[in-house]
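Heads up, the thing below is written out as structure tokens.
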There are 2 protein chains.
Amino acid sequence: MKGWLCIAGLGPGDEQLVTPEVSAALAEATDIVGYIPYVARIAPRPGLTLHASDNRVEMDRALAALQMAAAGHKVVVVSSGDPGVFAMAAAVFEALEGQAHWQDLDIRVLPGITAMLAAAAKAGAPLGHDFCAINLSDNLKPASLIEARVRAAAGADFAMAFYNPRSASRPDTFARILALLLEMCGPDRLITFARAVSTPEERIATVTLAQARADMADMRTVVIVGNSATRQVGRFVYTPRSVALPVLP
Amino acid sequence: MKGWLCIAGLGPGDEQLVTPEVSAALAEATDIVGYIPYVARIAPRPGLTLHASDNRVEMDRALAALQMAAAGHKVVVVSSGDPGVFAMAAAVFEALEGQAHWQDLDIRVLPGITAMLAAAAKAGAPLGHDFCAINLSDNLKPASLIEARVRAAAGADFAMAFYNPRSASRPDTFARILALLLEMCGPDRLITFARAVSTPEERIATVTLAQARADMADMRTVVIVGNSATRQVGRFVYTPRSVALPVLP
């Protein structure tokens, strides 16, 4: 049997947001590999082995998946959201880098609805103009780089989406980012906290930076900060498509 | 009949990338509204009226859609990709802004696979770390702001995705952006040109900035520029998840 490896995005949670392409790969797979809560979304069936592993073992998981595909298995590595956005696709290519003998394997990345776009859709259209996506976790990069990127994004009046804004192991990072944004963008800038989007626990709230508190976010929250033109209309928040005049010196 | 309005993303082209949520809305709709080539993707059926209009009439289209929903129609405004990324969702909210009597309408945004994520998946994982999405069209914003944002993104070592990189009406913008990137990021930085992703005309090419030419892009191309760590492994291009040391002063 000729094996293959797909790195697939399951979307933010609702099965109605899983693409038919991903569903087809899951239906053909012999092995599903991923972080425990994502693998738990896959229904067991005869002929399918579920390999669930804990967080922070991405490289082991990627190597195991490559090894199974090389041995003829049909392997789907599952990520929440989109596998290419702060998820497993980069880990698989990192694992592949040291393994020239695996580089001819049938490997495909299957995109999914990433959390920031599902969150933006629920809130309205806060990412309707130029925006940045920034992972606030400092597990894999220095906190100084996170701050430099937020400064650059705010300085150039980008809207921003933050992934992994806050965890128990680094409770202060997000508070510092909020303070920086307040200083650079002012108290009236809109910020949306979108927790567990498209799941039964979904909770979406838009407030101003003056009202924002770090504990409004946790690891299941995506945070979206508007640009200087972002505004509310009725129950929605949106960023206009146009900029009339230069806003930068 | 109680009307509603969905602003839905059809994904980049392949029907396998249309979410079940969007397919369900299309199946229930009485009216489809959108730009000609996107409406052309919807199969005609009895009871469904297709309202196709030309580019650059987004506000007229949004007002017409709101009016039909207010009159009891079940209206889907279709965008390519994701409706919240340089597409119709912001236009609908802009149209809604002046119309308080429509603000209680049943309006929902249904996310889709946006072009940059489909392109990234085909190329590997070039957006696997912090990135910016920038619309290079200067129809709705000054060219100086586009350049300022590209400078900010390159200066903070973001990966970048460019929408609408080039059109006949502004052939020089993209050439200037390429020259700026070459100056700031150096000749070896990787850049991916992804044209018509997931359609029969798909063409994906990754080159260095030294090799990049403006005419490698057109209006159907999404351009992805890696960050300083982006590299190739086999036929793929990816951006590592980790940054070992501060790369900024």
Side-chain angles (χ1 to χ4, degrees), chain A residues 14-21 24 82-86 89-91 93-94 96-97 103-104 107 109-111 113-114 117-118 120-122 124-125 127-135 140-142 144-145 148-149 152-153 155-156 158 233-234 236 238-243 245-248, chain B residues 14-21 24 82-86 89-91 93-94 96-97 103-104 107 109-111 113-114 117-118 120-122 124-125 127-135 140-142 144-145 148-149 152-153 155-156 158 233-234 236 238-243 245-248:
Chain A
D14 184 345
E15 297 309 308
Q16 290 296 103
L17 296 176
V18 180
T19 67
E21 181 181 66
D82 182 278
V85 178
F86 311 126
F93 293 118
E94 204 174 317
L96 190 64
E97 205 159 25
Q103 290 180 6
D104 290 329
I107 299 174
V109 181
L110 309 184
I113 303 290
T114 187
L117 297 184
K122 286 293 171 90
L127 301 177
H129 201 50
D130 302 333
F131 65 93
C132 299
I134 305 177
N135 188 343
L140 294 169
K141 64 184 165 188
S144 59
L145 180 61
R149 285 182 176 159
F158 280 98
V233 47
F236 301 105
Y238 88 101
T239 300
R241 302 162 304 141
S242 53
V243 176
L245 289 165
V247 296
L248 294 168
Chain B
D14 183 345
E15 297 309 308
Q16 290 296 102
L17 295 177
V18 180
T19 66
E21 181 181 65
D82 181 279
V85 177
F86 311 127
F93 293 117
E94 203 174 317
L96 191 63
E97 206 160 24
Q103 290 178 7
D104 289 330
I107 299 174
V109 181
L110 309 184
I113 302 290
T114 186
L117 297 185
K122 286 293 171 92
L127 301 178
H129 201 50
D130 302 334
F131 64 92
C132 299
I134 305 177
N135 187 343
L140 295 169
K141 65 183 163 188
S144 60
L145 179 60
R149 285 183 177 159
F158 279 98
V233 48
F236 302 104
Y238 89 101
T239 301
R241 301 162 304 143
S242 53
V243 175
L245 289 165
V247 298
L248 294 166

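Because the structure is predicted, anything quoted here is derived from the model rather than measured. These values consider heavy atoms only, across backbone and side chains, with no hydrogens, waters or symmetry-generated copies. In what follows, chains carry the letters A, B, and so on, assigned in the order in which the sequence lines appear, proteins first and then strands, with residues in each chain numbered from 1.
Considering only heavy-atom pairs separated by less than 4.5 Å from chain B, the leading option among A:Leu96, A:Asp82, A:Ile113, A:Leu127 is A:Ile113. Note: B:Glu97 leads B:Glu97, B:Glu15, B:Gln103 in heavy-atom pairs under 4.5 Å with chain A. Chain B forms more heavy-atom pairs under 4.5 Å with one residue of A:Asp104, A:Val18, A:Ile107 than with any other, namely A:Ile107. Contact tally against chain A (heavy-atom pairs below 4.5 Å) for B:Pro20, B:Gly84, B:Gly124, B:Ala125: the top residue is B:Pro20. With respect to chain B, the highest number of heavy-atom pairs below 4.5 Å among A:Pro83, A:Ala153, A:Ala24, A:Ala91 belongs to A:Ala91. Counting heavy-atom pairs closer than 4.5 Å to chain A, the top-ranked of the candidates B:Lys122, B:Glu94, B:Arg241 is B:Arg241.
Only the side chain of A:Phe236 comes within less than 4.5 Å of a heavy atom of chain B; its backbone N, CA, C and O stay farther away. If you measure heavy-atom distances from A:Ala133 to chain B, the contacts under 4.5 Å come from both the backbone and the side chain. Residue A:Asn135 touches chain B through both its backbone and its side chain, counting heavy-atom pairs closer than 4.5 Å. Heavy atoms of A:Val85 lying under 4.5 Å from chain B belong to its backbone as well as its side chain.
Within the 4.5 Å cutoff, the side chain of B:Pro111 has no heavy atoms near those of the B:Thr19 side chain. Looking at B:Phe158 and A:Ile134, their side chains come closer than 4.5 Å, going by heavy atoms from C-beta outward. Put simply, the side chain of B:Pro142 reaches to within 4.5 Å of the side chain of A:Val243, judged on heavy atoms. In this structure the side chain of A:Phe93 reaches within 4.5 angstrom of the side chain of A:Val109, judged on heavy atoms.
Scanning all heavy atoms of the two residues, the minimum distance from B:Ala156 to A:Ala152 falls at CB-CB, 3.5 Å.
Residue B:Thr239 holds its OG1 atom at 9.0 Å from NE2 of B:His129, rounded to the nearest 0.5 Å.
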